Amino acid sequence: MAVPIVLSNATVPLLGAVDTGVVGQLGLAAPIGAVGLGAVVLATVYWIFSFLRMGTSGLAAQAHGAGDLAERSAILLRALIIGGVAGLLFVVLQAPMMAGAFALAPASAEVEGLARQYLSIRLWGAPATIALYAITGWLVALERMRGILWLQLWMNGLNIALDLWFVLGLGWGVPGVAAATLIAEWTGLALGLWLCRDAFGPVLGAARARLADRAALRLMIGVNRDIMVRSVLLQACFTTFIFYGAGFGDVTLAANQVLLQFLEVSAYALDGFAFAAEALVGQAVGARSVAGVRRSSVMLGQWGAGGALLLALVFALAGPAIIDLMATDAGVRAEARLYLPWLVAAPLIGVTSWILDGVFIGATQTRAMMLTIMVSVAIYAVALLAFVPLMGNHGLWAALMVLNVARGVTMLLAYPGVERRALG
């Protein structure tokens with residue numbers, strides 16, 4: 001189950017790395033910073049709706065484990081409706097959203113101008129991107145990991161090919177990167193709906209009749225509310241990281257953007273085991289099996305630890321060469337090398353929290369997730385205030401590592417509630 005998801009998730013940060021590497025071939029720091037800043041702005045608003053993936057995964061896995069096919073389809077339909085409406089609102093409100101984002105981001109005029117071009121194109125993909133959260137969560141719940149792999153391979157493969165054509169072939173620069181992603185998002189939505197086609201088959205009538213079921217809606221609202229708060233707080237941490245880095249100048253902003261691709265590779269690759277935990281733990285909870293919950297949690301934790309060690313070794317040995325592939329500017333290369341040790345440590349530090357995210361989502365222990373992230377964000381804020389004035393950009397990376405340690409520890413303390421959830 002985990003291998004297709006590991007491969008699938010690894011293609012997501014690979015796309016970010018290619019985006020960065022392609023504009024890095026222009027030989028300037030500003031385009032790298034612009035793509036990074038624009039992508040972070042979108043990630044900030046989109047990740048608010050990541051509750052659609054996580055909430056859909058946990059709820060659908062439990063419905064699947066209980067054998068309730070109509071509710072399983074109804075869960076997907078509700079999530080798609082929410083995603084489509086939210087995406088259309090982003091399209092309509094794109095002007096004020098960009099104005100607010102750049103009022104907060106202390107970037108240079110050149111970086112801001114290029115980032116505006118990027119966002120004005122990418123925002124038209126919001127309905128597709130948000131709806132894909134729901135589709136991915138539903139496929140995870142049903143253990144259709146190969147489908148998710150094909151979906152990501154299609155989207156990211158097409159995106160990479162169009163990146164190379166639009167930017168290096170046609171010379172479109174930053175707008176070319178945005179156009180490539182927009183096309184990939186909408187074609188990906190079409191493929192995703194096809195992969196979920198049995199949700200719209202004979203059971204569709206019964207599923208539509210349940211769309212307004214009060215008990216199901218209350219459960220969905222509660223789960224998604226908790227996850228949304230958790231996602232907003234977590235994304236605020238990463239957005240704060242980017243904005244702090246922008247304050248250190250264009251070269252440091254570009255170097256941090258290059259290094260964040262290492263962190264993305266770690267998180268997305270190891271999240272493959274977390275996705276498997278969502279399905280296995282969710283189905284075990286639906287079947288009321290405490291033993292199944294415990295077995296899945298321990299097994300996936302062990303595999304995650306092994307994956308983290310492997311990633312750390314790869315970054316330690318190949319990190320400088322990867323940096324050189326992603327940026328041609330000598331200043332950006334030198335700056336990124338200074339902070340590479342933090343990225344070697346990142347997989348080992350973050351793996352506990354990433355795997356436990358999947359465990360808690362599968363069990364729909366979302367309130368506990370929300371409370372643990374609140375504590376962790378408070379600790380992160382203290383670390384920022386303490387470390388950045390003393391250590392500069394090193395302090396910024398140190399604070400981010402503290403955040404992941406705090407998340408892992410607080411979730412371990414809350415884990416017994418996951419097993420109690422399986423008891424009903």
Side-chain angles (χ1 to χ4, degrees), residues 10 12-14 16-17 20-21 24 29 32-33 36-37 39-40 43 234-271 304-305 307-327 329-355 357 373 376-377 379-409:
V12 178
L14 175 62
T20 302
I32 299 176
L37 192 59
V40 165
L234 190 56
Q235 186 57 44
C237 293
F238 287 102
T239 303
T240 301
F241 179 92
I242 292 293
F243 287 173
Y244 261 91
F248 293 130
D250 288 356
V251 172
T252 299
L253 174 64
N256 282 351
Q257 174 61 21
V258 169
L259 292 173
L260 280 172
Q261 307 314 311
F262 289 76
L263 188 61
E264 290 286 294
V265 167
S266 301
Y268 277 103
L270 296 176
D271 256 358
L309 180 59
L310 178 61
L311 284 168
L313 289 173
V314 170
F315 293 164
L317 297 174
I322 296 171
I323 290 170
D324 289 348
L325 284 174
M326 295 177 64
D329 183 88
V332 174
R333 285 177 170 180
E335 189 80 359
R337 278 182 170 82
L338 288 176
Y339 308 107
L340 180 60
W342 293 109
L343 281 305
V344 174
L348 302 172
I349 291 173
V351 63
T352 300
S353 61
W354 297 330
I355 298 300
D357 276 344
I373 195 63
S376 300
V377 169
I379 294 171
Y380 172 66
V382 173
L384 278 177
L385 295 175
F387 295 158
V388 173
L390 295 175
M391 303 164 58
N393 200 50
H394 277 296
L396 189 58
W397 282 105
L400 193 61
M401 298 303 110
V402 168
L403 171 67
N404 281 328
V405 170
R407 289 183 62 212
V409 170

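In this text the structure is predicted, and so the values were computed from the model without any measurement.
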**Report entry** Note, N256 side chain near L396 side chain (heavy atom, < 4.5 Å)
**Finding:** yes
Report summary line: Distance col, row L343:CG vs M401:CE, nearest 0.5 angstrom, shows 6.5 Å
Query raised in the report: Would a distance-only check, ignoring hydrogens and angles, find a side-chain to backbone donor-acceptor pair under 3.5 Å from Y339 to L259?
Result: no
Query - Nearest non-hydrogen partners of A254 and V332, listed with the distance - result: CB-CG2, 3.8 Å
Query raised in the report: Can you tell if the side chain of I242 reaches within under 4.5 Å of the side chain of L260, non-hydrogen atoms only?
Result: yes
Query raised in the report: Distance from Y380 atom OH to L400 atom CG, nearest 0.5 Å?
Result: 5.5 Å
Query raised in the report: Looking at side-chain heavy atoms only, is the closest gap between D357 and R407 below 4.5 Å?
Result: yes
**Report entry** Sub-4.5 Å side-chain heavy-atom contact between F238 and L263
**Finding:** yes
Requested in this report: Taking the side chain as every heavy atom from C-beta outward, state whether Q261 and I323 have any atom pair closer than 4.5 Å.
Outcome: no
Query raised in the report: Where is the tightest heavy-atom contact between T252 and G245, given as atom of each residue plus distance?
Result: CG2-O, 4.2 Å
Query raised in the report: Hey, what do you get for CD (E335) to CZ (F248), rounding to the nearest 0.5 Å?
Result: 10.0 Å
Query - Distance, nearest 0.5 Å, that separates CG of L385 from CG of L390 - result: 11.0 Å
Report summary line: side-chain contact (heavy atoms from CB on, under 4.5 Å) filter on A308, not counting sequence neighbours, yields L270, P347, L348, V351
Requested in this report: Over all heavy atoms of both residues, which pair between F387 and A398 is shortest? Give the atoms and the distance, please.
Outcome: CD1-CB, 3.9 Å
Query raised in the report: Partners of I322 by side-chain contact (heavy atoms from CB on, under 4.5 Å), sequence neighbours excluded?
Result: F262, A318, M326
